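Please read these numbers as outputs of a predicted model, since none were measured by experiment.
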Amino acid sequence: MAETAEIDTPPVEIPVDQAQQEGGEEQQLTPNDDNALVQSETAVTTTTDADGTQKKTKKIIRKKRRPARPQVDPATVKSEPPPQTGTVFNIWYNKWSGGDREDKYLSKHAAPSRCNISKDSGYTRADKVTGSYFCLFFARGVCPKGYECEYLHRLPTLHDLFNPNVDCFGRDKHSDYRDDMGGVGSFMRQNRTLYVGRIHVTDDIEEVVSRHFAEWGQIDRIRVLTSRGVAFVTYTNEANGQFAKEAMAHQSLDHSEILNVRWATVDPNPLAQKREARRLEEQAAEAVRRALPVEFVAELEGRDPEARKRKKIEGSYGLQGYEPPDEVWFARAKELEAAGDETGQLEAPEQPLMIEGGGSAGQQEVGGGGIFSSSTVAALRGLSGGNVTTKQAPQASGPLVGYGSDDESD
């Protein structure tokens, strides 16, 4: 049963007792062992009063989430070893190995069941535990426990974060992929693309693949090789790709084919590699934005008007109407930081003015070995009233440095 209530949305003010006038007192539902979790939905409605003013109301619908149903009858679950396909039974992997076998893809059997997200998903005991993994048998459509399962019975989302060394089902990844690109995968590469083979070739093969694989999460792009019956499906989230790989293994699309779902290898296309590198840079930038304060991020991205004004004043070097580029401003900021580290306070170092008056300049030193001749120095001394003094150029204290000249006199 859904409980409704209307709350205020600024800038419109709504009386607090409006919910009681329309639907009685609101009953608060809290997560406990009886109702497990509460799911909230929001709907915004607009009403017009008699005087013509419009009021926006937000309706919050709180209802209990349904429990996850068992996908198969627990009485039909049997713990028997699989049919013999080899000479030795491996008790750790619960399968046969060794001996001469036929083509492993031709001998594959269709999956006994398929997960139905709209009917099978619901809350379980894992929803009360933070960081729980997803149920592998739920993805395959054969979980008999239902709401008593210790794993999640729903689709992964962007908010479900796991250790890079494990997948969304809690299985450990390996350093490299298997030879057939199956299994859990590798922790050395973030793989979001699935290889789907043995597709029945039709004219609408791309629409069929998109319709079936879109059930397991948001798809970034799909590439279909129609003549070969092969498709490459890339998901936005890596966890959705891991879930879809297990959910579509040995399944069929619109025909009775048995799909071969594996991890895709690295795309050799340079454009695809650049696109993946750009996506990783955007993902890293988004992680940095979340880690830094909002004001600091706004200043770095130029969205803070006060920071732009301060940047313009500090970087103008006292020249009206001059706006330096970002490279000059950041170089100037580093100089100020270096000066502040030496003196203990962040102050701009004193800089000589470009144009100075003759009377207020004081005594200027002109080197005897400089660019001015003796007659020029005498003329300057006479114009400034003898304030110009001469000084011998300092002698070089170290050896001369050669710059690769062919002359041996260097």
Quiz prompt | Any donor-acceptor N/O pair, Lys245 side chain to Gly183 backbone, under 3.5 Å | solution = yes
Quiz item: Should the pair Phe243 and Phe134 be assigned to parallel (<30°), tilted (30 to 60°) or perpendicular (>60°) ring geometry?
Solution: perpendicular
Practice problem: With sequence neighbours left out, write down each residue that passes ring-ring contact (aromatic ring centres under 6.0 Å, His included) with His200, or none if nothing qualifies. | Solution: His255
Quiz item: Quick check: does any side chain N or O of Glu246 sit under 3.5 Å from a backbone N or O of Phe169, one acting as donor and the other as acceptor?
Solution: no
Quiz item: When the ring centroid of Tyr123 is compared with that of Tyr147, is the distance short of 6.0 Å?
Solution: no
Quiz prompt | Exam field: side chain Ser121 to backbone Ile117, donor-acceptor pair closer than 3.5 Å | solution = yes
Self-check item: Glu281 and Arg278 ion-paired at < 4.0 Å
Solution: no
Quiz item: Taking the side chain from Gln71 and the backbone from Val142, do they hold a donor-acceptor pair closer than 3.5 Å?
Solution: yes
Quiz item: Is there a donor-acceptor pair closer than 3.5 Å between any side-chain N or O of Asn240 and the backbone N or O of Pro156?
Solution: yes
Self-check item: Residue among Met248, Arg140, His250 satisfying side chain to side chain contact (heavy atoms under 4.5 Å, CB included) with Arg114
Solution: Met248
Quiz item: Looking at Gln251 and Ala111, what are the two nearest heavy atoms and their distance?
Solution: NE2-CB, 3.3 Å
Practice problem: Could you walk me through whether Lys173 and Val184 pass side-chain contact (heavy atoms from CB on, under 4.5 Å), step by step? | Solution: CA-CA 6 Å; Lys173 294 183 181 180; Val184 181; 3.9 Å; yes
Run the side-chain donor-acceptor check on residues 220-233: report pairs under 3.5 Å with partners two or more places apart or on a different chain.
none

Practice problem: Could you tell me whether the side chain of Asp167 and the main chain of Arg171 form a donor-acceptor pair under 3.5 Å? | Solution: yes
Quiz item: Between the side chain of Ser186 and the main-chain N/O of His174, is any donor-acceptor distance below 3.5 Å?
Solution: yes
Quiz item: How about Asn191 and Tyr177: does a side-chain donor come under 3.5 Å of a side-chain acceptor?
Solution: yes
Quiz item: Do Arg198 and Glu257 sit within salt-bridge range, that is, some charged N less than 4.0 Å from a carboxylate O?
Solution: no
Self-check item: Separation between CG of Leu271 and CD of Glu276, rounded to the nearest 0.5 Å
Solution: 13.5 Å
Quiz item: Does Thr76 use its side chain to pair, donor to acceptor, with the backbone of Asp73 at less than 3.5 Å?
Solution: yes
Exercise. Specify the closest pair of heavy atoms between Phe138 and Leu152, including all atoms of both residues, with the distance to one decimal.
Key: CD2-O, 4.3 Å
Exercise. Scan side-chain atoms only and decide if His153 and Asp127 contain a donor-acceptor pair under the 3.5 Å cut-off.
Key: no
Quiz item: Is the backbone N or O of Asp267 less than 3.5 Å from a side-chain atom of Gln273, with the two atoms forming a donor-acceptor pair by type?
Solution: yes
Quiz prompt | Test applied, side chain to side chain contact (heavy atoms under 4.5 Å, CB included); reference residue, Val209; option that passes from Ile199, Asp204, Ile219 | solution = Ile199
